[in-house]
Structure formats: structure tokens, C-alpha cells
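We count ligands from 1, going down the list as the structure has it; atoms in each ligand are counted the same way.
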Amino acid sequence: MNTRNAYALRARQTRQVAPFGLGAAHRPLPVPEGVPPHPACATLPERVCRHALADRGENARLNAREEAVKGRFDAIVPLLKAISALQHHTDFVERAQLLARQQLGYALPEDILENAWSNGLDVKALYSRCVFQALLLSAEEYASDYRSKNGSWQDLHSFFLDCGFHAVDISPCADGRLKGLLPYILRLPSTPFIRRKAYAGAMFDIETDVRQWMAVELSRYREGVPNFAEAGTRYLKIAVYHFSSSRPHHEGCAAHGSDDSAAIDAGLRRLLEFRQAIENSFCCGAGTDILLIGVDTDTDAIRVHVPDEEGNLSASRYVDNAALYAASLGYGENEARIAVHQAILDAGASRPHEGMRRLVANLLINNLSQIEYVAEYYGGRYPDIGHAERYISVGDGFEEVQMRNVAYYAHLQTLEEGLSDMDIGIKIFRHLMGKRGLPVPIAIHFRYDARVPGSRARAVSRTRGVEEAIRSRYADLEAAGLLACHLTVQDMPAGSMIEEIIDEDHAG
Ligand SMILES: [Zn+2]
């Protein structure tokens, strides 16, 4: 049984009952034995709460996207099973294409179908072609949506600038459960203003980030983008750790041994070191703000560690958004907004600057919708379904497909650099794919900067080099025809076209 569908089904059934929340007294109902009550909505799983600030229209839109992307991958195996059963019919190619168009929305490679009569249907080749097609279609859908919203970022950019920030640099943990951090958990669009780069345990590389800081500041001095250096705005660095409210000692951050305090302390230390590095290297006035956010990967509820007036953070001073959701259920919109702002003031020993307060309030309010999203579509907590990734993403990763558990990511420039991540990924996929005799789909993707002479050629050569290294390291899979690599490069600006690199030696 598909656990995820079961949750969705149950969530749909619960909608027939009047929801708790607006104007209703909050009356907790008994929860099944062994399951701790949901931290935000105590009436789950019987009924979903309704918070005045949750955006249900946006939740429905995001759910449709999640269903479409995951559905596109999940439809492949049933389709291949169905056409495999037809391969000895005289009109096989026509019937297979008809089914593919109906169930996948695109046609299959004609050459593979036409050769089926003599060599049998090459299911492995079809499978990998379909996985990469699903990936490209999902990315293209996102990119066209992104391009169509081009103008609406201006509001977001103005909002950040109004809050006193000219750049936002976010480093979450690389855990697959945080892949939906921007579009889902924090409800922030991908824009040139926000940089996101994941590291195991959120342990971002200080040197890399200082270089990023320098690039941003230089662009302000030279071009006035996004504003001139005299503007007095700040660079905001955010680290995002994660924890599990239902199984704190087992399902927390693997990089910190599921020890939440270790994850928090390490994140805090790294942020302070980053700020210190900027101050030591570029003297005073080199304004940076730091912020630490925690995500409960069971419910997607966040904690925001609120800075004090000096901009300092503490492990114990934070706003717990699940608690805030529960406390402000039944409030009207204005009352709920006031509760959010009050929670921020109550969290700190002293008040952070006004822009920081506005930003934190915005993130908390956005996340109230995500808490309700998980409540509505997953019964409050993501079911523990283990690894269900559809492909391994190697290199820079696709900005376009940011969704929980869709891909296993190995961020690297050379295979040596990300060897342990890659070995873990291959191990997971040996288990996921091996038992079905299907190849491991590996999408190798690098970005280049078209403004820099030779950058594209170097990205293409890096992509090919990583492919070669993967094929030689996992030689047993390669020999068995169980490695399917897909090579792409992409220009830097968000929403740029994804360019496939066709390697004649490995085509098909
Ligand atoms: Zn982690």
C-alpha cells in the first residue's frame, strides 16, 4: 500500500469534519497510543486545524506541484510493466506510444521500441530515459513558472531591502528532508537575491562563504547591485539545522549523531566564525547579520533563534512556531499577527533591530502555512517511508526541483571531493533499484557563467570527468549496465535553459 496516498486519503476524509481553528475553542482529542500529540494541532489525526494566517490556496497549489512531480516519476514503472507485456503484438510500437502519451504525457524513444522484436524490450534504457525526461519536464515547468513571475520578485527584493538586507545566504543541512526548505518550509521563491547551498550538518565552508560575501559587496561598490555600498544595509547569513520531534535521538541530523544540542551549538559556532572572519578581514562596518533556524523534519515547523539588539544568538532563545501556531489558533488575522510579533519580542533578552523583527515575523507566518500543509496532506507528520529518492543528483544540483525526498544530492566539483556522499547514494540506490534490476539514474549537472570566457567548456569537461570517474568507481554496476548517467550544464541566471550534453560513447 502506498503510505503517502493513504495519508492523503485520510486527510481528504478529515476535511468533511468541521475544522478546528477560527472562532472555535481548542479541544484536544485523544491520539493513538505511542504517537506523541502533534505539537501544533492537537486534534490531529482526527481533524486538521485551521489557522487564520495559513494560505490554503498556496498550499493547494504547492500540493498540486508536489503530486505532479512525484507522480511523473512514480508513473514510469507501471507504464513500463504494461508495455513490456505488449511487446510481442504486431502493433506494439503504436500501442506503447499511445499508452506512454496517456500515462506519462510524452512519447518514448522510437528506436528502443522498434528494436524490441529482435532483442526484447530494453527496459533499463527506457527506464533511465523516462526518469531523465521526468526530471527535465519538472525543471522546465518550474523554470517557466519562474520566468512568468519575474516581476513579482521585485516586491520580495524591496521587502528584504526595507528590512535592511541586501543579500540572504542560506546554508541548510544537505539532508534530503530539507530539500523543500525554500519553496515549502520557508515559502521563499528562488531569486538572485537568495543564495542557498547545502552542507552536511549545515557546516558551511567559511572560506567559500567569505568569497561569496566579497562578490556581493564588490557588485555593490562597482555596479550598485542590488544597492550601493553606502546604503548601510547588511548581508544576512542563515544556517539551518534540523531535528525530529517524534524520534529525537534517531531521526535528527545524522551529521551530528542525532544530537540536537550538538547541531545547534555547531551551527551557532560556524555563524559566529563567519561573522568574525568578515570583521577581521574587512574591518568594522562590514555589516553582517546572522540567524539560526531549526526545522522539525517530521512536521516542517521551524524554530527561529531570535538575535538580540547586538545581533547575538543563543541556543535557548527562539520562537517555536509549532507552539505559536497552537497558541494563536482561533485568533483572527490581526490578532494572530500581533501574537507573532509578541512572540519575537518575548524570545529575546533584548529587541533585535526592526528589520530583523519584520523578517523573522515574515518567515514565521510563511511557515504557519507549511505546518498546515503537512497537517492537511500528510496527517500532520510525514510518514516514515525511508529513502524514496528517484535519482541521484551530482554536481551543482537542480535549483528547479526543490522538493522533499525527490533526489539524493551529492554536491561536488570532482568525485574525490564528494566520494563519501556518492558512496552512500550508490548504496541506497543499489537497494532501491537493484532488487528490480533497474539502473541507478545519475543526473550530473554543473552551472557555468556565460560572461566568463571558456566557462561553459570547462563545465562540460567537468561534467564528463565526473561521469567517467563514476563509471570507473562503480565498475560492477557499469559492467552490468546498471549505471545511467545524464549530463547537463546550465548558465548561472536562475531559470536558464538546461542544456543536455550528448556523449556518443554512452548514448542510449
Ligand atoms: Zn542533517
Worksheet entry | For the Zn ion (ligand 1): protein N/O/S atoms at distances below 2.8 Å | 3

Worksheet entry | Partners passing side-chain contact (heavy atoms from CB on, under 4.5 Å) against Ser219 (at least two apart in sequence or in another chain) | Glu223, Val225

Fill in: Ion pair check, Arg56 and Glu372, cut-off under 4.0 Å
yes

Worksheet item: Between Phe160 and Phe193, does the ring centroid distance fall short of 6.0 Å?
Response: yes

Just list the side-chain donor-acceptor pairs under 3.5 Å for residues 262-272, sequence neighbours left out, or say none.
unit_1 : atom_1 : unit_2 : atom_2 : d
Arg270 : NH1    : Phe204 : O      : 2.7

Worksheet item: Does CZ in Arg351 sit with more than 12 non-hydrogen atoms of other residues, nucleotides or ligands closer than 6.0 Å?
Response: no

Compile the donor-acceptor pairs under 3.5 Å between side chains in residues 356-364 and protein atoms, sequence neighbours left out, one pair per line.
unit_1 : atom_1 : unit_2 : atom_2 : d
Arg357 : NH1    : Pro352 : O      : 2.9
Asn362 : OD1    : Asn366 : ND2    : 3.3

